[in-house]
Amino acid sequence: MANALHATIPVLASLDLDESAAFYTDRLGFSIALRAADYLIAVRDGCELHFWRCSDRHIAENTSCYLRGDVRALHADFTRRGLTHEPPAERPWGMRELYVIDPHGNLLKFGEPCEAPSEPAAAPSSD
């Protein structure tokens with residue numbers, strides 16, 4: 001049963017689907033593939049994010065997803081689109097990451113592999 005799974009698609013909470021659609025298109029460069037009364041699908045560069053209408057902000061504020069991509073290019077694009085956020089950082093686990101929190105509290109972690117910071121070299125012994 002090889003390749004039974006094809007993709008993982010996050011389904012995030014949205015307190016206001018119109019506000020989510022505006023943020024993801026205007027600030028993050030997604031386009032809207034589907035807009036229903038209680039559901040939204042946003043797409044960019046082959047990635048898909050789904051949103052369900054939710055009235056509990058606590059759910060969105062405790063939700064995150066991880067997206068792989070060129071974080072430096074994304075940071076430049078998001079900045080050009082008017083999003084204020086911290087620049088990408090190299091993490092000790094070997095990932096360069098960029099974090100964005102949407103208007104409803106969902107945490108988007110954008111990441112790409114990078115060379116993990118190396119440990120300081122031990123001084124040679126003088127035996």
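Numbering of residues begins at 1 and proceeds along the displayed sequence. Keep in mind the model is a prediction, meaning the values are calculated, not measured.
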Taking only residues at least two apart or on different chains, which pairs with a member in residues 26-41 satisfy salt bridge (Lys or Arg N to Asp or Glu O under 4.0 Å)?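 Residue pairs passing salt bridge (Lys or Arg N to Asp or Glu O under 4.0 Å), neighbours aside: D18-R35.
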Can you list every pair that meets salt bridge (Lys or Arg N to Asp or Glu O under 4.0 Å) and has a residue in residues 50-69, with sequence neighbours left out?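 Listed once each, the pairs are R57-E61.
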Measuring from atom OG of S64 to atom CG of D102, what distance do you get when rounded to the nearest 0.5 angstrom?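 Here the interatomic distance stands at 11.0 Å.
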Which pairs pass side chain to side chain donor-acceptor pair (under 3.5 Å) with one or both residues in residues 1-17, sequence neighbours excluded?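 Side chain to side chain donor-acceptor pair (under 3.5 Å) check on residues 1-17 returns S14-S20.
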Run the numbers on R72 and R96 for side chain to side chain contact (heavy atoms under 4.5 Å, CB included), then give the verdict. CA-CA 9 Å; R72 288 179 282 207; R96 181 177 300 110; 3.1 Å; yes
With sequence neighbours excluded, residues passing ring pair (Phe, Tyr, Trp, His ring centres under 6.0 Å) with Y39: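 By the ring pair (Phe, Tyr, Trp, His ring centres under 6.0 Å) rule, Y39 matches H50.
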With sequence neighbours left out, write down each residue that passes ring pair (Phe, Tyr, Trp, His ring centres under 6.0 Å) with H75, or none if nothing qualifies.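 With neighbours one apart ignored, the set is H85.
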Under 4.5 Å side-chain heavy-atom separation, chaining through any Ile, Leu, Val, Met, Phe, Trp or Tyr, what else clusters with L74? Say none if it is isolated.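 Its cluster partners, ordered by chain and number, are L12, L17, F23, Y24, L28, F30, I32, L40, L49, F51, L67, V71, F78, L83, L98, V100, L108, F110.
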Pairing residues for N62 by the side-chain contact (heavy atoms from CB on, under 4.5 Å) criterion, not counting sequence neighbours: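 Here the qualifying residues are H58.
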Who are the side-chain contact (heavy atoms from CB on, under 4.5 Å) partners of A33, not counting sequence neighbours?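 A33: side-chain contact (heavy atoms from CB on, under 4.5 Å) contacts with I41, V43.
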For R44, all residues meeting salt bridge (charged side-chain N to carboxylate O under 4.0 Å, His left out), sequence neighbours excluded: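 Scan of R44 (salt bridge (charged side-chain N to carboxylate O under 4.0 Å, His left out), adjacent residues dropped) gives D77.
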Is there a side-chain contact between E19 and H104 in this structure, where contact means two heavy atoms from C-beta onward sitting under 4.5 Å apart?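 Yes, at least one pair of side-chain atoms sits under 4.5 Å.
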Specify the closest pair of heavy atoms between I59 and A13, including all atoms of both residues, with the distance to one decimal.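 Heavy atoms of I59 and A13 come nearest at CG2-CB, 4.0 Å.
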Taking the six-membered ring of Y66, is NZ or CZ of K109 closer than 6.0 Å to its centre and within 45° of its axis?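 Checked: cation-pi criterion not met.
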